[in-house]
Every structure is written in structure tokens, then in C-alpha cells.
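Excluded from the calculations below are hydrogen atoms, water molecules and symmetry mates; all remaining heavy atoms, backbone and side chain alike, are included. In this text, all values refer to a predicted model and were calculated from it rather than measured experimentally.
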Amino acid sequence: MPLSESPTIEVKDLKTYFFTKGGIAKAVDGVSFSVGRGKVLGLVGESGSGKTVTGFSILGLVDEPGRIVGGEILYRGENLVSASPDRMRELRGVNISMIFQDPMMTLNPVLRIDTQMIEAVLAHESISKDDARQRARDVLGQVGIASPDERLRSYPHQFSGGMRQRVAIAIALLNKPDLIVADEPTTALDVTIQGQILYEVQKLCSQTGTALIWITHDLSVVAGLADDICVMYAGRIVEQGSVNSVLDKPMHPYTNGLISSVPSRNKRGVPLAQIPGMAPSLLKLPKGCSFGPRCAQFSDACDSIPDISNYENGRQIRCHNPLDKGTILRVMD
Amino acid sequence: MALNNEKESIVTVNNVSKRFIKSLDLAGKIAQRFGADIREEVVHAVDRVSLNIQDGEVVGLVGESGCGKSTLGRVVAGVHEPSEGNVLFRGKAIENLTGKDAKEAALKIQMIFQDPMSSLNPRLRVQDIIGEAPVVHGVVDSGNITDYVEEIMLRVGLDPSYARRYPHQFSGGQRQRIGIARALAVQPDFLVCDESVAALDVSIQAQVLNLFMRLREELNLTYLFISHDLGVVEHLSDRVVIMYLGRVVEVAPTEILFSDPNHPYTQALLAEVPRLETRQRKFAPVKGEIPSPIDPPTGCHFHPRCPKAFARCHQETPALKEIESNRFSACHLND
Ligand SMILES: Nc1ncnc2c1ncn2[C@@H]1O[C@H](COP(=O)(O)OP(=O)(O)OP(=O)(O)O)[C@@H](O)[C@H]1O
Ligand SMILES: Nc1ncnc2c1ncn2[C@@H]1O[C@H](COP(=O)(O)OP(=O)(O)OP(=O)(O)O)[C@@H](O)[C@H]1O
Ligand code: SF4
Ligand SMILES: [Mg+2]
Ligand SMILES: [Mg+2]
């Protein structure tokens with residue numbers, strides 16, 4: 001990529017808040033990252049940390065009581081935060097697509113697969129119906145669906161859950177978008193099918209330069225797929241950098257705790273390293289660092305919210321006491 | 001077929017099959033109303049499975065979605081009746097037990113479900129969820145129930161001062177602890193854990209897995225631990241059972257199964273497991289589809305996807321054979 005080429009997507013200090021009866025939930029609170037052509041970013045975090053809301057913000061899908069209250073989302077330089085609903089509709093499905101955790105968010109239960117796929121092509125391109133059908137067939141084959149002709153004539157319910165998800169993924173790939181936001185699309189699938197889908201996605205990124213944001217809570221999947229990784233906790237990115245640097249030398253105590261608790265990192269049969277406690281509610285965040293009450297490195301400084309510190313090779317950490325060179329430290333309760 | 005020393009076994013699964021008539025799901029019903037041509041079908045969820053589980057053992061049960069893990073677990077726990085075959089508890093067929101013996105066997109095998117929210121009655125307080133069964137079954141008298149519930153809550157790491165709360169007032173990890181406490185309250189010997197940590201966050205999952213390991217030691221429990229997460233199963237189990245489309249295809253001690261898998265399906269499965277150590281890996285296309293249990297392939301169920309399949313695999317079902325002491329595999333290549 002020439003130096004002058006800007007990243008496909010650049011998120012800068014994004015803030016998406018939900019104005020609920022119980023208070024303001026800062027689901028995304030100052031998130032920044034960028035993904036270049038053909039690159040894969042793994043967005044990792046536990047339930048409720050703000051991963052989906054980040055994805056929805058990019059696609060312009062945040063609904064009441066939620067609102068983007070600050071920051072920029074630059075898609076090839078165009079700020080999507082201020083884009084009109086018409087412009088967003090134009091971009092979605094052609095330039096930017098999203099794969100949802102539940103495939104039925106994409107699929108219509110009462111329409112045949114071919115109707116849905118051909119419609120998705122023709123909505124944005126004026127080609128013949130036959131050509132659109134041909135494209136649909138090819139893409140179904142790519143996600144590993146056998147006898148695509150026959151499958152095209154089926155309804156979603158005639159597929160297993162795994163196949164439905166692959167059809168939804170096929171629809172996301174249909175128009176060869178520049179950017180795909182994939183929200184835990186393989187979490188419910190078996191590892192052999194997951195491998196097949198990761199193969200297709202990887203191929204798409206390297207061949208057509210699609211930038212990919214892969215949302216998951218599974219560090220192991222990100223290890224195998226992504227170039228860079230962002231770790232989210234309670235609405236903020238606490239650590240980011242290249243996959244190798246973050247996974248080999250985690251510097252944030254939370255990242256370190258997560259990695260240490262993966263069963264394969266522990267001797268068989270002995271208790272797993274564990275992070276004590278649980279993630280806070282966004283409506284009742286602790287004072288200062290949100291991870292503070294669970295953190296073994298906690299110090300007086302942690303009573304104030306840590307800023308982002310920059311390290312070499314674009315590594316960023318939000319912590320007052322980062323772990324020196326990622327010493328593996330066992331966190332037990 | 002005896003898969004292990006008969007004498008010490010706590011649960012023996014004897015040639016068990018389970019079939020279902022598959023009714024339509026919501027999407028199916030909607031489509032049917034719109035005129036799509038679909039009917040109900042027979043599902044062969046579990047197909048002649050035999051298995052011996054020894055006292056104090058942790059047996060991991062692994063396999064792809066829909067291969068029959070939960071169904072087998074439910075048959076073992078007495079939630080489902082087998083269509084064929086039977087289950088023995090400490091050497092006695094559960095179906096033949098009567099009166100006190102039948103009641104005792106039912107209490108001694110408990111099941112913990114994947115989704116703690118849907119398996120806990122939302123209208124009961126935690127103290128009643130945990131305390132109801134032991135009082136009904138006379139495990140403890142109602143006068144002592146408060147102390148008893150408190151003791152069990154402490155054991156699973158719940159604060160007893162929350163005994164009067166309802167399930168929705170707890171987090172996912174805490175609800176799973178409530179489910180575990182409810183099962184423990186009737187003092188079982190054997191727990192069927194069905195994807196008991198699957199719905200939990202990584203950091204909470206580690207806490208609950210540690211709880212399972214501690215309870216096993218403290219209470220001398222035996223587990224049938226169902227999971228699709230091979231990392232979890234490897235960490236926890238003494239022995240691993242691999243299922244494919246209703247059948248057991250391989251059984252081996254954990255270390256051997258992971259270091260030297262015999263069945264081509266086990267080999268394919270292990271090759272695809274994502275690992276933290278594997279970076280920017282080149283994924284490979286896997287051939288074929290997971291076939292449906294409504295219309296399973298002939299011969300070896302794995303043959304349409306097996307890279308090593310030969311003529312015999314298309315016609316003849318391979319038997320689960322002992323290929324080495326304590327190692328079993330169902331593949332014609334071993335002949
Ligand atoms: N419609 C809504 N109304 C109020 N709050 C919301 C809404 N949607 C999301 N939130 C808040 O945003 C936070 C982040 O949610 P999000 O769905 O992004 O989490 P996530 O990281 O995707 O979690 P998961 O792994 O469970 O999918 C939640 O904790 C919740 O408090
Ligand atoms: N009560 C039921 N009625 C009809 N079919 C059923 C029933 N329970 C299970 N089945 C079917 O039996 C087969 C095996 O299901 P089972 O739930 O045992 O699989 P599993 O291995 O536990 O899968 P998963 O990993 O998705 O939980 C599936 O095809 C399923 O659709
Ligand atoms: S800022 Fe403090 S509390 Fe937060 S992670 Fe770093 S050391 Fe722990
Ligand atoms: Mg989400
Ligand atoms: Mg199941």
C-alpha cells in the first residue's frame with residue numbers, strides 16, 4: 001500500500017452513549033483504531049464491553065436510546081458520523097457490510113434464498129437477473145455450500161444453523177465490499193465449519209483488499225486470523241497493537257489475565273489462572289480505571305482514569321501500571 | 001460391550017439409541033403457512049452408543065453441533081427414555097428399579113444445563129430453587145433448610161446473603177453457580193454437565209471451571225462433561241469420548257487422544273482447533289458438509305468427508321473396537 005493511501009476505515013475517539021432511564025451507558029467511550037486495505041483487525045472483549053455497538057456505529061445502525069455523541073468514523077476519508085441516512089443506505093451492503101451473530105438478522109424467513117441474494121445484487125448494480133443469479137451461486141459455493149443451485153431454491157429454515165450463517169456470510173460477500181464488520185459470526189459454528197469460513201474470509205481480504213473487523217470474545221480465533229488486535233473493557237480499548245506483540249507480551253493487566261486463563265495456557269488438571277470478580281455495569285462504573293477492582297496491579301494512581309500511552313510499533317495501553325514486558329503474572333482470588 | 005472394568009463403573013450406557021420425530025421450528029412453521037412443502041421427520045440422534053464411566057472419573061464428551069451429545073447426556077440423566085438399550089447405575093438397570101432405589105438413582109445423577117436462565121424458575125427465590133428438592137426428597141428436614149442452603153451457597157462461591165433474591169438479579173456466572181448449587185443440593189454422585197460454561201465470558205468461565213474441579217475433589221463427584229470446546233475438555237477430563245452423527249467414533253485417555261488421535265474425524269477436529277500459539281495461519285478449505293441425522297450416510301457416517309475413505313467405508317459400519325488397552329476407535333483403517 002502506497003504511503004499516501006489512507007486506511008479503509010479510521011475510527012477516531014468514537015463515543016456512542018445510551019441514554020436510558022437508569023442513566024447514561026457509555027457503551028463506546030473514546031475508541032480509536034484504523035484498518036487498512038486487506039488487513040484484519042480483531043476486536044476482542046467480554047460481554048457488554050461495547051464490541052457490537054462499535055460495529056453498529058460504523059454501519060450507522062445505532063438506534064434510540066443510543067446516539068453517537070462524539071468522534072469521527074472516516075471511511076476512505078468520508079466522515080460517516082455526519083453522513084445522511086440515504087448515504088448510509090447506499091454504502092451498506094455494497095461498500096460496507098456487516099455479518100451479524102444471528103443469521104436471521106440478515107435472512108428473511110419467508111423468501112427463498114435466490115430471491116434474497118439476487119435482490120441484494122440488483123439493489124446496487126444494474127446487471128441481468130441471470131448474471132445476478134450466477135454471482136449468488138458462485139458465492140454460495142465459496143462459503144462451502146454444496147449443490148448451490150438446489151440450495152438457491154430453498155428457504156432459510158431448510159438449512160441447519162451453521163448453513164444459515166454461511167448463507168448470511170455469502171450475502172455479505174456478494175458485492176465484494178471494501179469493509180466487512182463481522183460480529184462473532186462463527187461463535188455458534190463447529191470448528192471444522194469455522195475453519196472453512198475463515199479460509200474464505202482470509203482469501204477475500206488478500207485477493208480483493210477487503211478490510212475486515214472481526215468481533216469476538218475468543219482470543220484464539222483472533223490469533224489465527226488477525227493482523228492487529230484491540231482489547232475492549234467496559235466501553236474503552238485498554239490495549240491495542242499487532243497480534244504478535246499483544247498476545248506474546250500483554251502489557252495491560254486485563255489482557256494478561258485473559259490470556260493466562262485460557263485452558264491451553266494452564267497445566268492440565270490444575271486450577272486455571274482466573275481474574276477475580278466480574279465486569280462492572282456501565283451504569284455503575286468504578287471510579288478511575290474500570291478494571292481497578294479486579295486488578296492485581298492496582299495502586300493509588302488508578303483512582304483516576306488512565307490515558308492512552310503509546311509504545312513502539314503503534315502499541316497503545318490504557319493503564320497506570322502496565323506490566324513490564326508482559327511478565328506472566330497469575331491473578332488468583 | 002464393556003469399554004472398561006465393569007466392576008468400578010458408576011454409569012454404564014448399554015447400546016443406547018434415541019430417535020425423535022422432528023417437529024417444525026418457527027421458521028419452518030412460517031414457511032409452511034406460506035405454502036412451502038415440508039413435513040416432520042425422524043431424527044436418529046443417538047445410534048447404539050455404549051459407554052462405561054468409572055467412579056470419580058471425568059469423561060469429556062465432544063462432537064459437532066447436532067451429533068447427539070445433549071441427547072446422550074439427557075438419557076444418562078434420565079431426562080429422556082432411550083428408544084433402545086438401557087443405562088445402568090452402579091450395575092443396576094435404572095428402568096428396573098422401583099420405589100426407594102429408583103428415587104435414589106434419580107437423585108444421584110443430576111444434570112446441569114447450558115443456559116442457566118432458562119433452567120431456573122424466574123419466580124422462585126434462590127433459597128427455594130436450591131432448597132426445594134432436598135426437602136421434598138427428605139435429604140434434609142425443612143427445619144434445617146436455611147442453614148443447608150447457606151452451606152451449599154458458600155460451597156459454590158455465592159454470597160448466602162443473596163438467598164432471597166431472584167435469578168434475574170444475578171450475573172450469568174452467578175446463575176450458573178445457582179444451577180450447580182441446585183444440583184448439588186440433593187447430594188448427587190454423578191453430574192452431567194451440558195455445555196455448562198459455554199455461555200460464560202472467558203474470565204468467568206475460568207472461575208466456574210475451577211469450581212467444577214474443586215467440587216470434584218471435595219465431594220468425590222463423577223462428571224460427564226459435554227462441551228464443544230476442546231481446550232476446556234482437554235483441561236478437565238481424564239478420558240474423552242468423540243461423537244459423530246449419533247455414534248461414538250473414538251474413546252481414549254485425554255493425553256493420548258490429543259497427542260495421537262486415531263480416528264480421521266478426531267484428527268480433522270483437532271487440526272481445526274484455534275490456538276493462541278497459532279498466528280496468521282493459512283486456513284484450508286474443508287471438504288463436504290456435516291450430513292444430517294435425518295438421513296445419515298451409509299457405512300461409516302464420516303465417509304463423505306473422510307480423506308482416507310475407501311470402498312468398504314461406504315457400505316459397512318465400522319465397529320468401535322479396542323485398538324490398544326483403554327483406547328477405542330471405530331474406523332476400518334484399524335483392521
Ligand atoms: N439498546 C440499548 N439500550 C441500552 N443500553 C444498551 C443498548 N444496546 C447496548 N447497550 C449498552 O451497551 C453496552 C455494550 O453492548 P454491546 O452489545 O456492544 O456489547 P458486546 O461487547 O457486543 O457484548 P456481547 O459479547 O455480549 O455481544 C451494553 O453493556 C449495554 O449496557
Ligand atoms: N426433543 C427433540 N425433538 C426433536 N429432535 C431433537 C430433540 N432433541 C434433539 N433433537 C435432534 O437430535 C439431534 C441431536 O441433538 P443434540 O441436541 O443431542 O445434539 P448436540 O450434540 O447436543 O448439539 P449441540 O452441540 O448443538 O448442543 C439433532 O439433530 C437435534 O435436532
Ligand atoms: S490502571 Fe491500575 S487498575 Fe487499571 S489495569 Fe492498570 S494497574 Fe490495573
Ligand atoms: Mg455483541
Ligand atoms: Mg447440546
* To do: Heavy atoms only: give me the nearest B:Gln207-A:Gly277 pair and the separation to one decimal.
  => NE2-O, 3.0 Å
* Specify which of B:Glu277, B:Gln174, B:Gln205 makes the most heavy-atom pairs with chain A at under 4.5 Å. => B:Glu277
* Asked: Which pair of heavy atoms, one from B:Ala206 and one from A:Ser261, lies closest together, and at what distance?
  -> CB-CB, 3.8 Å
* Backbone N/O of B:Leu200 and side chain of A:His217: donor-acceptor pair under 3.5 Å -> no
* Between B:Glu234 and A:Ser264, is there a donor-acceptor pair closer than 3.5 Å when you use the side chain of the first and the backbone of the second? -> no
* **B:Asp201 side chain to A:Ser47 backbone, donor-acceptor under 3.5 Å** => yes
* Mind running side chain to side chain contact (heavy atoms under 4.5 Å, CB included) on A:Leu247 and B:Arg279 for me, showing each step along the way? => CA-CA 10 Å; A:Leu247 295 185; B:Arg279 304 291 157 74; 3.5 Å; yes
* Indicate yes or no for a side-chain donor-acceptor contact from A:Arg268 to the backbone of B:Ser237 under 3.5 Å, with no hydrogens or angles considered. => yes
* Residue selection (most heavy-atom pairs with chain B, distance under 4.5 Å) from A:Met104, A:Met278, A:Gln194, A:Arg112 -> A:Met278
* Before giving the answer on side chain to side chain contact (heavy atoms under 4.5 Å, CB included), spell out for A:Gln274 and B:Leu211 the whole-Å C-alpha distance, their side-chain angles and the decisive distance to 0.1 Å. => CA-CA 11 Å; A:Gln274 65 181 44; B:Leu211 173 64; over 6 Å; no
* Where does B:Thr278 contact chain A at under 4.5 Å (heavy atoms): side chain, backbone, both or neither? -> backbone
* Asked: Quick one: does B:Ser203's side chain get under 4.5 Å of A:Glu46's, heavy atoms only?
  -> yes
* Pairwise distance CG(A:Leu198) to CD(B:Glu272) - rounded to 0.5 angstrom -> 8.5 Å
* Asked: Does atom CD of B:Glu217 have more than 12 heavy-atom neighbours, drawn from other residues, nucleotides or ligands, at distances under 6.0 Å?
  -> no
* Spacing of B:Leu236 atom CG and A:Leu272 atom CG [to the nearest 0.5 Å] -> 8.5 Å
